[in-house]
Amino acid sequence: MKKTRTIPAAVNSVRYRTVDSHLHALDFLQQTEGFAALADVMDEAGVEQAVVFGMPMAKQWDSTMPKAPSYYLSNDSRCYYYSGTDYILAELLKKQPAKIRKRFYPFCCGINGNDRMAATQLRRLLEMYPDFWCGIGELMSRHDDLTALTYGEAPHVNHPAFLEIFDLAAEYDLPVLVHHNITAQGNEEVLYLDELKEALAHNRDCRIIWAHAGISRRVEIQNLTKIVRDMLKKNKNLWVDISWVVYDYYVLDNFPNHYADNDTPEDWVRLIEDYPDRFMLGTDVVGCWDKYVQEVRKYDVLLEKLTPDTAGKLCRDNILAVMKKNGGTK
Ligand SMILES: [Zn+2]
C-alpha cells in the first residue's frame, strides 16, 4: 500500500515562493542523498526550483584516518580539484523523471582555477551537454581552510584561468557564481577585494554572482554593507548571494559569540532595498538534506523586514533574471 505522506508543519507556514540559488547536489566525497529526496524537502520548504551544482573539490580519505571524512573540515587530509563532479551531476539529473528534472538549473564547476586549460575543459563540457548548463559555478577562488587544505597555489579570481572562464561565460551568456573571500581568516584588513574588482572589470558582459558576499568562517571585517554597496554601485555586472555564514554572522547579527561587526540588520535591509535586483539567497547544503527546510526558513526573519516586492526578488526573481530564465520549464 502506498504510504500517505503527512504534510509537515513547514508547508502550512511557507510564505515565500523561492528559487534556491546555491545548492550542492554532491558533497566533498561526491556523494548525495539524491534528487527524489531533495525534491521532497524542497516541497516542504516551499522551494519550487533550484540552481544545482556538484562540488569542485574532493576530500581525500587518508590511510591514517579510521573513518571516511564527510566535510572538508572533517580532518587534516588534503582536498583536490575533482572535474568528475560535473559528469556525475549531469548523468544523475538526466536520469530523473521530467517532473523532477525541470525543477533544477544545473551549473558546472569542476575546474582548477590555477590551470589555463580550465576554460577549454568547461567549453568541452558545454559542448558535450548542449543546452543543459544554465551557469558556471560554484567556482572556488579564495576559501578559508579549503584553500589551505588544497595543494598548489592559492586560487585567485583575477588569475588568467579565471579571466578566460569569464570570457567563455560571456560568450555563452551564462552567469558565473564564484566563492572569493574578501580577506584571510583572522585578518580585519580587506586583502582580496581588488582581485574581484579586476575580475569584474575584465569582461563587463560576464555576470558574476559573489557567493556569501565574500565571507567565510572566521572571516571578520568591519563595514561589510558599505563595501558591498560600493561594489554594487561601481560594478553593474555583480550580483550578491547571501547564503551560508554571511547571513548568520553578518545579516542576522545574532550568532553566538560572534565577532562584533558594526553593521546592524537594518543596514542590510537598507542595502537590499537600495539594490533590490542584485541579491539572492540559497541554502548551500551539500549532498545531504536533513537541514534543508531550516536553511530556507532562516531567511524569513530578513524577508519579513523587506517590502513584499523586494522579498519576491530576493527569493526568486533575481536568480532567474541573472540566468535569463523566465521561471518556466527549460
Ligand atoms: Zn557553496
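Quick caveat: nothing in here was measured; it's all calculated off a predicted structure. In this chain, residues are counted from 1 in sequence order. Numbering of ligands and ligand atoms starts at 1, following listing order.
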Handout entry: Whether F132 and Y129 hold their rings parallel, tilted or perpendicular, with breakpoints at 30° and 60°
Key = tilted

Problem - Identity of the N, O or S atom of D284 lying closest to the Zn ion (ligand 1) - result: OD1

Exercise for the section: Answer yes or no for H24: is there an N/O/S atom below the 2.8 Å cut-off from the Zn ion (ligand 1)? Expected result: yes

Problem - Ion pair D267/R270, N-O distance below 4.0 Å - result: yes

Problem - Within 45° cone and under 6.0 Å: R78 NZ/CZ vs Y151 ring - result: yes

Exercise for the section: Report yes or no: do D241 and S243 form a side-chain donor-acceptor pair below 3.5 Å? Expected result: yes

Practice task
Could you confirm whether H179 has any N/O/S atom lying under 2.8 Å from the Zn ion (ligand 1)?
Solution key: no

Problem - Metal site angle (apex the Zn ion (ligand 1)), NE2 from H22 and OE1 from E138, 10 degrees - result: 90°

